[in-house]
Amino acid sequence: MLNKEQIAQRIAREIKNGQYINLGIGIPTLVANYIPDELEVVLHSENGLLGVGPFPTEDKVDPDLINAGKQTISMVKGSALFNSSDSFAMIRGGHVDLTILGAMEVSENGDIANWKIPGKMVKGMGGAMDLVAAAQNIIVAMQHCSKSGQSKLLKKCTLPITGIKCVNKIVTDLAVLKVLPEGGFKLLERAPGVSIEEIQSKTEGRLIVSGEVTEMKLV
Amino acid sequence: MINKTVKNAEEAVRDIPSNAVLMLGGFGLCGIPENCIQALLEKDISGLTCISNNAGVDDFGIGLMLVKRMVKKMISSYVGENVEFERQLLSGELEVELIPQGTLAERTRAGGAGIPAFFTPAGVGTEVAAGKEIREFDGKLYILERWLKADFSLVKAWKGDTAGNLIFKGTARNFNPMMAAAGKITIAEVEELVPAGELDPNQIHTPGIFVQRIFQGRDYEKRIEKRTIREK
């Protein structure tokens, strides 16, 4: 079973040279720590920055420089700043190559729910609906089950959805799965020490196991 | 050059009445019109509709206007940092329209640019699409979204001149430029106000035509929501 850092580490292996990448709040933010040095990629922050750098040192903290999670950040060399309208033109216009975001639920046809629990939690969708509606390649980082043990990989989302048929790949604490165009979660890899049976029992949606399912490599 | 300067925040917001529709710039607490919000808090007005990406935090920014019950309706994309907001929303005391962030940005841009409506893919198949026209373009579905405009837009810039030209810094730009254009009366507060002619025209982000009033702000707190640092 993977911890959050390891989920981020595994997702980092999906990143390709030259990509512009949007990282959502939570586990996706951690992915930045594991991007191999030899890759030249640019991180997009929807509040108006291309070229997100690491957290600043104490003396370089600038309240006018934050990421979409409201954390203080730095800029890498060659960064660009812009307004929110331009930022979403990049997203909707299909200029961002890879989007990594968290989810509360994903359905077997690739629907995602991550913005609202009716009557309990209302945070808003932020930029997630724009991202999932337009991004070419969406990877979801999430726990396989909720805290109460309910599967989050479902036949159909029970929560209000954020976008339809948009998720390509899911990396959980138990597995790497691909959402097939015709529907279903195809099991690609299992976390170290996790059996296919366990993944099956914790996946409510249709799990497709065919061919060899390798154990994840983290480095 | 037309001089847009007013003395201070109090003078700038003097004629904002109850039930006005306001736009307030900022992302989180970054680039919010701190001085204008403070001046509004000292006015006896209510029933406001506030269009702003976020709703501040409990004890700063728009959050203070919510505590004082000045706001009837919020139009935002993300309000997760605000406990009082969530309470008023869940109890039904506050009317809320949550819209995707890119749709908020574009509706605001459209308002300032004289584009009454446009199609966007954001929210197709979700509750955001309820009651809206859906149309297919090149095999994909899009939602018709309308422009947003405000009676008053309150924006914050880094530098400005007496002609109303604005320059923003870092990620404090965010929604401010589109909101400046979408306000019938746009009030800009700046950290540094200089005479017209002193800013490089090549560097202007928001041209003065979009700004009706400008003043030199003071005592900026620029509160940080999540101070994250690394060693060395």
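Proteins come first, then strands; the chains are lettered A, B, ... in the order of their sequence lines, and each starts at number 1. All values below were derived from every heavy atom in this structure, side-chain atoms included, with hydrogens, water molecules and symmetry-related copies excluded.
Contacts of V128(B) with chain A are made by side-chain atoms alone, with heavy-atom separations under 4.5 Å and no backbone atom involved. Neither the backbone nor the side chain of A113(A) has a heavy atom closer than 4.5 Å to any heavy atom of chain B. With a 4.5 Å cut-off on non-hydrogen atoms, L141(B) does not touch chain A at all. Looking at R109(B), only its side chain comes within 4.5 Å of chain A, counting heavy atoms on both sides. With a 4.5 Å cut-off on non-hydrogen atoms, E221(B) does not touch chain A at all.
Along residues 53-65 of chain B, the residues that come nearer than 4.5 angstrom to chain A, judged on non-hydrogen atoms, are N54(B) in order of number. Inspection of non-hydrogen atoms places no residue of residues 172-186 of chain A under 4.5 Å from chain B.
Among E106(B), R223(B), K140(B), K222(B), the residue with the largest count of heavy-atom pairs under 4.5 Å with chain A is K222(B). The greatest number of non-hydrogen atom pairs below 4.5 Å with chain A, out of N82(B), N176(B), V79(B), is found for V79(B). Of the listed residues A122(B), G102(B), G28(B), G170(B), the one with more heavy-atom pairs under 4.5 angstrom with chain A than any other is G102(B).
A side-chain N or O of S91(B) and one of E93(B) form a donor-acceptor pair less than 3.5 Å apart.
Under the rule for a side-chain contact (heavy atoms from CB on, under 4.5 Å), the partners of V42(A) that lie at least two apart in sequence or sit in another chain are Y20(A), L50(A).
Geometric assessment of K123(A) against the ring of F85(B) yields a negative cation-pi assignment under the 6.0 Å and 45° thresholds.
Every pair passing side chain to side chain donor-acceptor pair (under 3.5 Å) that includes a residue from residues 23-37 of chain A is listed here, sequence neighbours excluded: E5(A)-Y34(A).
The one candidate from E189(B), E34(B), E191(B) that meets the side chain to side chain donor-acceptor pair (under 3.5 Å) condition with K156(B) is E191(B).
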